[in-house]
Protein chains: 2
Amino acid sequence: MEERTFGSLMQELRKGKGLSQEELAFRCGLDRTYISLLERGLRVPTIATLFKVSAALTIRPEEFIARMRVQFGNWQKDGSRE
Amino acid sequence: MEERTFGSLMQELRKGKGLSQEELAFRCGLDRTYISLLERGLRVPTIATLFKVSAALTIRPEEFIARMRVQFGNWQKDGSRE
DNA sequence: ACAAAATTCAGACTATAGTCTGTGGAGCGG
DNA sequence: CCGCTCCACAGACTATAGTCTGAATTTTGT
């Protein structure tokens with residue numbers, strides 16, 4: 001199955017809006033190179049950063065989280081049906 | 001208006017399940033004192049921690065985020081209607 | 001092929017997430 | 001009063017989030 005991380009999702013949304021990493025960084029108030037690190041999955045953001053990036057990409061943060069497919073620890077996004 | 005932070009929401013859910021901070025910490029694989037810091041708003045968790053805590057409290061992480069009311073930077077939860 | 005824009009990468013750095021150990025206080029039941 | 005549980009708190013520590021500068025590399029448009 002396809003793994004959609006925070007970074008890959010962010011990249012997808014960014015490109016969908018025709019933004020460069022640098023432009024997104026400016027809108028987030030974050031560093032140019034840090035956006036690059038996030039997209040490549042080399043950093044795990046705090047929820048404060050999640051909110052900033054979500055705002056910059058005009059998506060609700062819960063929407064952002066909901067669209068992720070990841071394993072953090074023993075959490076499985078798919079197969080978790082309540 | 002009522003401000004519901006990550007910490008206060010976590011505390012509410014924890015107490016709702018009748019768990020001590022220590023029991024929750026164990027279920028999350030986090031430190032006892034760190035749970036205390038989170039509840040008092042003295043730390044901002046990474047999204048990895050969000051997923052761990054959500055799993056321990058049997059709530060979907062996007063649900064958790066959705067139930068927060070916070071100002072991170074210039075983000076306003078309420079009044080953001082798209 | 002060329003130049004410019006976009007991104008990656010490296011290193012050194014600062015800020016803060018998260019751990020560990022212990023202390024002291026509040027509340028509660030014997 | 002005594003022991004017990006839970007929690008706040010402090011301090012010192014380790015790991016990693018996030019910044020900054022600049023150079024190397026890839027991508028893109030013409």
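Reminder, nothing fancy here: chain letters follow the sequence lines and each chain counts from 1. Just so you know, these numbers use all the heavy atoms, side chains as well, and skip hydrogens, waters and symmetry mates.
Atom OH in B/Y34 sits roughly 16 Å away from atom P in D/dA15 (whole-Å rounding). Atom CZ in A/R40 sits about 17 Å away from atom P in C/dA6, given to the nearest Å. For A/L24 and C/dT8, the CG to C1' distance is 16 Å, given to the nearest whole Å. One can place CZ of A/F26 at 18 Å from C1' of C/dA6, the figure rounded to the nearest angstrom. As rounded to whole Å, 15 Å separates atom P of C/dA17 from atom CZ of A/R43. Between the CD atom of A/Q21 and the C1' atom of D/dC20 there is a distance of 16 Å, rounded to whole Å. For the pair B/K15 NZ and D/dC6 P, the computed distance is 13 Å after rounding to whole Å. Between the CD1 atom of A/I35 and the P atom of C/dT8 there is a distance of 11 Å, given to the nearest Å.
With hydrogens and angles disregarded, a donor-acceptor distance shorter than 3.5 Å links the side chain of B/S54 to the backbone of B/L50. At distances below 3.5 Å, at least one donor-acceptor pair connects side-chain atoms of A/R69 with backbone N or O atoms of A/A66.
Regarding contacts with the backbone of C/dT8, a side-chain N or O of A/S36 is found under 4.0 angstrom from either OP1 or OP2.
When the nucleotides D/dA17, D/dT19, C/dT8 are ranked by their closest atom to the side chain of A/D31, D/dT19 comes out on top. Ranking D/dA17, C/dG18, C/dA6 by closeness to the B/L30 side chain, first place goes to C/dG18. Comparing D/dA8, C/dT7, D/dA17 by their nearest atom to the side chain of A/T46 picks out D/dA17. In the set C/dG18, D/dT19, D/dG22, the nucleotide with an atom closest to the side chain of A/R32 is D/dG22.
The shortest distance between side-chain heavy atoms of B/E39 and B/S36 does not fall below 4.5 Å.
Judged by distance alone with a 3.5 Å cut-off, no donor-acceptor contact links the side chain of A/T33 to the base of C/dC9.
In this structure, A/L37 and B/L19 both approach DNA chain D, and ranking their closest nucleotides by distance from the 5' end singles out B/L19.
The two residues A/M68 and A/F6 make their nearest non-hydrogen contact at CE-N, 3.7 Å.
Within a 6.0 Å sphere centred on CD of B/E22, heavy atoms belonging to other residues, nucleotides or ligands number 12 at most.
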